[in-house]
Amino acid sequence: AQKITQTQPGMFVQEKEAVTLDCTYDTSDPSYGLFWYKQPSSGEMIFLIYQGSYDQQNATEGRYSLNFQKARKSANLVISASQLGDSAMYFCAMREFNYGGATNKLIFGTGTLLAVQP
Amino acid sequence: NAGVTQTPKFQVLKTGQSMTLQCAQDMNHNSMYWYRQDPGMGLRLIYYSASEGTTDKGEVPNGYNVSRLNKREFSLRLESAAPSQTSVYFCASSDSSSGTQGEKLFFGSGTQLSVL
């Protein structure tokens, strides 16, 4: 069964510094996708970045990058040049790709609360 | 663009009462989902509907029922609410027609439910 683990309940980072949020996963499926979502205090879920299990390069989206280490089953989110608006809860999620097309469930980790300090 | 719309935004129930959370999406997505979010637990999948006419259980389906009314709408029903169902509920949708692993979920703004 697929599983997502985020071991950091909370983190602090100074404004303008980089921060890494950890995510490890467990799956027996060779084909899967990894996602990161941001949830600010207003509550909405905002998609940040996606990495496919067969992608050769690490995904990047602006200040967000995903440090994908397939052998270690980790998919850490790196936020460069942190801003005060980055303060939020961050969730890692995974979808196994079922070739039968019968399922496309996205399973989430427990989240990491990031606080950016001025 | 409305995206995914959930109603109500807030609800207080007494133990044993029933209610239905409504969700509608205007993106022509095939798949729809209901999650609940509890402190320290992340988002847990309650039910999902891979396509119109189908529904499947997620991680925590007990105490809930769902209806995929049509392609746009996916409702979640609590038949007899319990305090353990106090949570924030999110509806989401995704376009699964391409069958790619990269399809992302679009979320509604959530419903904060308290069961007393």
Side-chain angles (χ1 to χ4, degrees), chain A residues 1-10 21 23 25 27 29-55 59 61 66 75 89-113, chain B residues 2-6 9-10 23 25 27 29-51 53-61 66 87-113:
Chain A
Q2 58 186 110
K3 184 179 179 181
I4 291 281
T5 302
Q6 294 180 256
T7 57
Q8 305 157 312
L21 306 183
C23 173
Y25 59 92
T27 178
D29 197 312
S31 180
Y32 50 90
L34 297 155
F35 301 75
W36 278 91
Y37 280 82
K38 173 184 178 181
Q39 186 180 42
S41 57
S42 52
E44 73 267 32
M45 295 289 289
I46 302 167
F47 167 77
L48 294 178
I49 196 167
Y50 162 77
Q51 178 85 43
S53 59
Y54 294 119
D55 292 344
E61 291 284 351
L66 201 152
M89 182 72 84
Y90 289 82
F91 291 99
C92 181
M94 178 175 71
R95 171 186 290 117
E96 289 178 335
F97 186 54
N98 184 313
Y99 288 95
T103 180
N104 47 16
K105 296 181 290 185
L106 197 63
I107 303 299
F108 285 80
T110 54
T112 296
L113 183 60
Chain B
V4 179
T5 303
Q6 286 181 239
K9 290 191 182 299
F10 302 93
C23 176
Q25 51 90 11
M27 296 174 282
H29 285 169
N30 292 330
S31 300
M32 298 185 74
Y33 311 79
W34 277 105
Y35 286 87
R36 61 176 288 174
Q37 182 179 16
D38 303 290
M41 306 284 290
L43 277 79
R44 293 181 293 169
L45 184 63
I46 304 171
Y47 270 94
Y48 68 103
S49 172
S51 61
T54 68
T55 60
D56 286 284
K57 295 178 180 179
E59 301 170 77
V60 289
V66 291
S87 187
V88 179
Y89 291 84
F90 285 96
C91 177
S93 71
S94 67
D95 180 9
S96 59
S97 59
S98 60
T100 66
Q101 60 187 180
E103 65 185 77
K104 63 187 180 188
L105 267 61
F106 293 81
F107 284 85
S109 56
T111 296
Q112 193 164 328
L113 175 67

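Quick caveat: nothing in here was measured; it's all calculated off a predicted structure. For the numbers below, each heavy atom of this structure counts, side chains included, while hydrogens, waters and symmetry mates do not.
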Taking atom types as modelled and ignoring hydrogens, do the side chains of Ser87(B) and Asp38(B) form a donor-acceptor contact shorter than 3.5 angstrom? yes
Side chain, backbone, both or neither: which part of Leu43(B) has a heavy atom under 4.5 Å from chain A? both
With Tyr25(A), which residues qualify under ring-ring contact (aromatic ring centres under 6.0 Å, His included), at least two apart? Tyr32(A)
Work out which heavy atom in Tyr50(A) is nearest to a heavy atom in Gly33(A); give both atom names and the distance. CE1-CA, 3.6 Å
Gln6(A) portion near chain B, given a 4.5 angstrom heavy-atom threshold: neither
Below 4.5 Å from any heavy atom of chain A, which atoms of Gln112(B) appear? Answer side chain, backbone, both or neither. neither
Sequence-distant partners of Tyr37(A), ring-ring contact (aromatic ring centres under 6.0 Å, His included), two or more places apart: Phe47(A), Phe108(A), Phe107(B)
